[in-house]
Chemist: 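One structure is given below, represented as structure tokens, and several questions about it will come after.
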Amino acid sequence: MAENTYDAIVIGSGISGGWAAKELTEKGLKVLMLERGRDVEHIKDYVNATKDPWEFPHRGGRTQQMIHDYPALKRDYPLNETNLNFWASDKDCPYTEIKRFDWFRGYQVGGRSLLWGRQSYRWSDLDFEANAKDGIAVDWPVRYADIAPWYAYAEKFAGISGSKENLPQLPDGEFMPAMDMTCVEKDVAERIKKHYNNKRTMIIGRTANITVPHEGRTNCQFRNKCWLGCPFGGYFSTQSATLPAAKKTGNLTLRPFSIVTKILYDKDKKKATGVEVLDAETNKTYTYNSKIVFLNASTLNSAWILMNSATDIWPDGLGSSSGQLGKNLMDHHLGVGASGSVEGYEDKYYYGRRPNGIYIPRYRNLFGDKRDYLRGFGYQGSGSRQGWGREIAELSIGAELKDALSEPGGWTMGIMGFGEILPNEKNKVTLDKNKKDKWGLNVLAIDCELQENELKMRKDMMNDAAEMLEAAGVKNIGTYNNDATPGRGIHEMGTARMGKDAKTSVLNKWNQVWDAPNVFVTDGSFMTSASCVNPSLSYMAFTARAADYAVSELKKGNL
């Protein structure tokens, strides 16, 4: 094989990029995986994973310098000293906010697979059929039956713990043993189930934390330090799972510090020929050639790469012939819910620091329920006891305070909604030709906001949370409806949607770019709608499916 030439190039090394590399290498292809950030080696580079809180200079908090250096990241919980090196630099990688959008990125090998919340849920046909039934955007070109076997395939390898519940809106999967609910969660779940006559259900979260040893990985140790990197491999990440599998084949070449600036396109063959890369350390430009390209740079960065590509044929970029490239940006809206105190369990506690919570699946606009908005929401939360960090109003200093803090505090129960955002062409990204990043590249301009449908939904998300907790006997309930800025869910979706028609979508049902069939996009940008469940399991399933199809077509000579 000629130098700089591969069977496949994978752009990005996060959840979907790692899966693409695994699948393609295991099928015998020589694969180059390009990552714009630094390498992070499993275990060795998890420098804070075994530190205790008091080993950090500021107890894990944030400094004034960090607040100054990270104007976007500071807006929410991600800015802290424990894993700052896993978050992209706002200074080096700025973006333009036509409307405020909180874009929290992880630029390193593994991407945000080192940082994700790990909640892993299947979509149902209620989700895949929703656009068609509601007359919103375009119809998905697939249905649950097309993806179900790939969900199972992804679950078996990634390792998802959870409970089978037989819920039509939340299909069961291939689960490892579920984590336990706390005694308070079990009580609240039983009361909700009884009060609503089984129409609302509270279950343990389905999470990509393994509960039994799996694929050379050690089961979750209940440390709840996942976002520091797990030296046990207790949760699914590129480093713990897909990268070792890809390396094992001997078919993978990994190149960090490689910013892909464009996909190279041959207008005569109507196919991509490879990519152009800017070395992030030397600023030198390189070209790599391949038969197929998998674009997995994360939703917004994948849109950016497509917009930078084939502009001599399509001024708005590769995949823009439909006019849909960069449009229909989605996230999940959150920051709304309720919490309160629970009495009567002062003699009960729980084991360890469970890195998981409870989940209340969607029930609005389903099974005869009809609201003044479309779609719905689910809740995530937990019931736990307060610890040494709590405030005790009567005690502010001295031995009595220390004694009191050595005992657990009261039980609390809280739930927060995750609501669906509808696809809307008004929510979009474009290239800002007037602003550049550290490497002299034009940055993205983001124009996205919640629309009327989401704002109506949030009222129910708050009121329903309080109503359910009250029905479950929770006391002193307080509600909140905080900042709903898009991006805060860190579930960016859309900008290169799938569809049935090249005139109205960027990708076909196999995640191929209509304008370049040997380019596959399988990160969040392909999403045609958002559902209300966490999306990463769907990225895994669609990526495995697309890779299987790509190799099959390659062998047939169709690519």
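Just the heavy atoms: all of them, side chains too, but no hydrogens, waters or symmetry mates, feed the values below.
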Chemist: Please report the closest heavy-atom contact between M66 and G61, naming both atoms and the distance.
Modeler: CE-O, 3.9 Å
Chemist: On the ring face of F56, is K51 found with NZ or CZ under 6.0 Å from the centre and within 45° of the axis?
Modeler: yes
Chemist: Is there a side-chain contact between I415 and I358 (heavy atoms, below 4.5 Å)?
Modeler: yes
Chemist: Just one of F542, F128, Y151 clears the ring pair (Phe, Tyr, Trp, His ring centres under 6.0 Å) bar with W123, so which one?
Modeler: F128
Chemist: Would you kindly check if the NZ (Lys) or CZ (Arg) of R105 is within the cone defined by 45 degrees around the ring axis of W103 and under 6.0 Å from the six-membered ring centre?
Modeler: yes
Chemist: Closer than 4.0 angstrom, basic N to acidic O: yes or no for E454 and R375?
Modeler: no
Chemist: Could you check M181 against V188 for side chain to side chain contact (heavy atoms under 4.5 Å, CB included), going step by step and ending with a plain yes or no?
Modeler: CA-CA 10 Å; M181 286 190 189; V188 169; over 6 Å; no
Chemist: I'd like to know if the side chain of T299 reaches the main chain of S525, judged simply by a donor and an acceptor atom lying under 3.5 Å from each other, with no hydrogens or angles considered.
Modeler: yes
Chemist: Just one of D372, I421, L422, I136 clears the side chain to side chain contact (heavy atoms under 4.5 Å, CB included) bar with N453, so which one?
Modeler: L422
Chemist: Taking all non-hydrogen atoms of both residues, which atom of R488 and which atom of L334 are closest, and how far apart?
Modeler: C-CD2, 3.8 Å
Chemist: For S16 and D523, which I'm curious about, is there any donor-acceptor pair between the side chains at under 3.5 Å?
Modeler: no
Chemist: Could you check if a side-chain atom of N534 sits within less than 4.5 angstrom of a side-chain atom of H332, using non-hydrogen atoms only?
Modeler: no
Chemist: Do E492 and R112 meet the salt-bridge criterion of a basic N to acidic O distance under 4.0 Å?
Modeler: yes
Chemist: Do the ring planes of Y373 and F377 sit parallel (below 30°), tilted (30 to 60°) or perpendicular (above 60°)?
Modeler: tilted
Chemist: S529 vs W140, test: side chain to side chain donor-acceptor pair (under 3.5 Å). Steps then yes/no.
Modeler: CA-CA 8 Å; S529 62; W140 277 87; 2.8 Å; yes
Chemist: Taking the side chain as C-beta and beyond, is there a heavy-atom pair between Y70 and F104 under 4.5 Å?
Modeler: no
Chemist: If you apply the rule side chain to side chain contact (heavy atoms under 4.5 Å, CB included), what do you find for S302 with F526, and how did you get there?
Modeler: CA-CA 10 Å; S302 288; F526 76 80; over 6 Å; no
Chemist: Are there more than 12 heavy atoms of other residues, nucleotides or ligands under 6.0 Å from atom NZ of K164?
Modeler: yes
Chemist: Is R75 paired with E97 through a side-chain N to carboxylate O contact shorter than 4.0 Å?
Modeler: yes
Chemist: Regarding R206 and D172, does a basic nitrogen lie under 4.0 Å from an acidic carboxylate oxygen?
Modeler: yes
Chemist: For E55, look at atom CD and say whether over 12 heavy atoms of other residues, nucleotides or ligands are found less than 6.0 Å away.
Modeler: yes
Chemist: If you count heavy atoms of other groups shown closer than 6.0 angstrom to CG of D369, is the number above 12?
Modeler: yes
Chemist: Side chain of Q239, backbone of H42: donor and acceptor closer than 3.5 Å?
Modeler: no
Chemist: Does a side chain donor of either E165 or S163 reach within less than 3.5 Å of an acceptor in the other side chain?
Modeler: yes
Chemist: Just wondering, do R62 and H58 contact through their side chains at under 4.5 Å, heavy atoms?
Modeler: no
Chemist: Is there side-chain contact between C448 and K99, with at least one heavy-atom pair below 4.5 Å?
Modeler: no
Chemist: Less than 6.0 angstrom separating the ring centers of Y359 and Y121, yes or no?
Modeler: yes
Chemist: Thinking salt bridges, do R100 and D483 make one under a 4.0 Å N-O criterion?
Modeler: yes
Chemist: Does the side chain of D187 pick up a donor-acceptor pair with the side chain of Y345 at under 3.5 Å?
Modeler: yes
Chemist: For K199, look at atom NZ and say whether over 12 heavy atoms of other residues, nucleotides or ligands are found less than 6.0 Å away.
Modeler: no
Chemist: Would you call R122-E155 a salt bridge at under 4.0 Å N-O?
Modeler: yes
Chemist: Could you please spell out the steps behind the side chain to side chain contact (heavy atoms under 4.5 Å, CB included) verdict for R458 and H333?
Modeler: CA-CA 9 Å; R458 291 180 73 80; H333 61 104; 3.2 Å; yes
Chemist: Under the criterion side chain to side chain contact (heavy atoms under 4.5 Å, CB included), which of N209, D180, T182 is the partner of R354?
Modeler: T182
Chemist: Start with the C-alpha distance between I15 and T238, add both sets of side-chain angles, then the distance that settles side chain to side chain contact (heavy atoms under 4.5 Å, CB included), and finish with yes or no.
Modeler: CA-CA 6 Å; I15 285 177; T238 296; 5.7 Å; no
Chemist: Please find out if less than 6.0 Å separates the ring center of F222 from that of Y351.
Modeler: yes
Chemist: Side chains of S384 and Y350: does their closest heavy-atom pair fall under 4.5 Å?
Modeler: yes
